[in-house]
Amino acid sequence: MKARVLIVDDEPRMAASLRTALERSGFECECAGNGVEALLALEARRADVVVSDRRMPEMDGLELLREVKTRYGELPFVMMTAYADVPSAVEAMRAGAFDYVTKPFDNDEIRAQVARAVELVRLKRENAWLRQETAAYTPDSMIAESAASRDLLELVRRVARASSSVLVQGESGTGKEFVARLLHYWSDRVGAPFVALNCAALAPGVLESELFGHERGAFTGALQARAGCFERAHGGTLFLDEIGEISGDFQAKLLRVLQDGEVQRVGSSKTRHVEVRVVAATNRNLRDAIAAGRFREDLYFRLNVIPIQIEPLRARREDILPLARFFLARHAERPLTLSAEAEERLHRHEWPGNVRELENAIERAAILARGESLEPEDLLLEPAVLKVGPAGGHERANDWPIGVLGGWGGARAAASDAPPIPEVAGADGTLQEAVDRATEERVRGALRETSGRRAEAARLLGVERTTLYRLIKRFGIED
C-alpha cells in the first residue's frame, strides 16, 4: 500500500511540481490550497505525511500544524519555508513539526524528508501494535475460569518455548489461532514474525506460491519475485489454519519442507534455509481423513509432535460470562452491563459457533442496545430477525419475520401476514450470517453514499467512528 502525502501550498505550480516528484518516488499525493482545505482533506481521507508551506491565506502553516497535532497526534508534518524565514521554521519544530526544508530545495531533499517521515510512522505503528499484541497475550490477561481452559493454558505455557511442531484441534470458533499466538508470544520467538495463513482459502497452485514464494516470471502475473510465508516467518512462527483441507499432492511438498527445513520458490532451482516453528490447526478429525486416504499419515505425525485439543465453549460454561463481559468492554462505545436475564440466556445457549459466535453476539448487542444494560432481546440468539418496533426500535421475531433485516437504519415494515422475504433476511445459513450480510451491505451502502468519507458514513449509520472502523476491518471493505 502506497504511503499517502498531503501537499498544502497556495501556489498551484509549486504544489503540482512537488506532487510529480513525490509520485515518481512511489508516493500517493493529494494537494490542498490552504490550511482549511487541508483539514477537510484529512477528515475525508487518511494521510501518512503532511508537507505544508509556511505562508498561506486563511490558515497559515503554523496554524495548520497546531491543528494537525491537536487532531491527529503523531501525524508527521514537514514545513516548507523561505530561506529568510528560518526563525519560523524553528518555531514550527517547537510546535511539533517532524522537520522543515527551506526554499528553494531540490526534489531529492524533499523526497528524503518524506521517506524518513513515512518510515518513522511505520516504526511507531509497528511498535505500538507489538506492545498492544504482547499485552493482550500476557498470562494475567487470559480468561480461564473452567478447569479445561486452565489445563489448556498450562499446557501452552509448558510447550511454548519448544521448537517442535504443534497440531491444534477443535471446532470452528474455539480459538485455535489464539492458541497459536499464545505459543508464539510466550516463547523466545516473540520478537520474530508471526505469520498466519488459511490453507482452505487458496487453490493448490496459489497455496504453493503463497507458502514457498515465487520468482519473477514463474507464472502469468508474477511481475516480481516474492518471498513466501516460510521465508517471512524465518525465526518465528508459521500458523497454518485448516491444514486438513490441503490436497494430497501439496501434502507431499509440505512434508518435504518440514523434514529438510528448506524451501524452493516456484520457478527457482535454488533452495533457501528456513528456521520456523509450525503450528497447524484443523476442525477435522485427521485420523478419519488418514483412514479415508485423504491425509498423509507421515505428514500427520510430522505436524502432531505436540497435540493440543480445545474443548467447545458448551463444554466449559464457566468461561461464557467472563468472556461475554470481556467482549462487552471491548466493543461497547458507552458503559453497558449484562442484565441477569441476559446472563442466564448466554449461559443456556449451546454456542455452536463457540467463542467467535459469542463475541459477534456481544458486539452486535452492544450496537443495538437501547438501555444501559444488555437484555435477552438484544442478543438475538434465537433463529430470529430484526423487525421494526415502536418509534423505530428493534424487536426480536421468533416466528417468520413481519419485517426484514435491512440494516440498522433502514428496516422496511411489512404487513403482519406477509410471507418471509428470504432474499433480504437470508434463506440459508444462521441468524448470525444473515445479520452479518445485512450489516456489511448497509456499511458498504453508507460508504458509497458518502464517497468513502468515514466520518459522514458513521453519522449516517448512527454509530461511533471507531465502530465503523471495526466493521470495515471485519468485512474487509476497501473504500
Visitor: Which residue pairs satisfy the salt bridge (Lys or Arg N to Asp or Glu O under 4.0 Å) criterion with at least one member in residues 183-196, sequence neighbours excluded?
Guide: Arg161-Asp188, Arg189-Glu275
Visitor: When you compare the side chain of Val166 with that of Arg277, does any pair of heavy atoms fall below 4.5 Å?
Guide: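 Of all side-chain heavy-atom pairs linking Val166 with Arg277, at least one is under 4.5 Å.
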Visitor: For the CD1 atom of Ile362 and the CD atom of Glu357, what is their distance to the nearest 0.5 Å?
Guide: 10.5 Å
Visitor: Using 4.0 Å as the upper bound for N to carboxylate O, is an ion pair formed by Glu441 and Arg444?
Guide: no
Visitor: Any non-hydrogen side-chain atom of Leu183 less than 4.5 Å from a side-chain atom of Phe194?
Guide: no
Visitor: Among Leu468, Leu471, Val443, whose side-chain contact (heavy atoms from CB on, under 4.5 Å) with Ile477 holds?
Guide: Val443
Visitor: Determine the interplanar angle of the Phe230 and Phe212 rings, folded into 0 to 90°, and report it as parallel if under 30°, tilted if 30 to 60°, perpendicular if over 60°.
Guide: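 The rings of Phe230 and Phe212 sit tilted, inter-plane angle from 30° to 60°.
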Visitor: Could you please spell out the steps behind the side-chain contact (heavy atoms from CB on, under 4.5 Å) verdict for Leu152 and Leu182?
Guide: CA-CA 11 Å; Leu152 172 65; Leu182 285 181; over 6 Å; no
Visitor: Indicate yes or no for a side-chain donor-acceptor contact from Lys176 to the backbone of Gly170 under 3.5 Å, with no hydrogens or angles considered.
Guide: yes
Visitor: Say whether, by atom type as modelled, one donor and one acceptor occur between the side chain of Ser209 and the main chain of Val206 under 3.5 angstrom.
Guide: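 Checked: no pair found.
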Visitor: Students often mix this up, so state it plainly: with edges at 30° and 60°, are the rings of Phe327 and His331 parallel, tilted or perpendicular?
Guide: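 The rings of Phe327 and His331 sit tilted, inter-plane angle from 30° to 60°.
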Visitor: Give a yes or no on whether the backbone of Val195 and the side-chain of Arg232 come within a donor-acceptor separation of less than 3.5 Å.
Guide: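 It does not hold such a pair.
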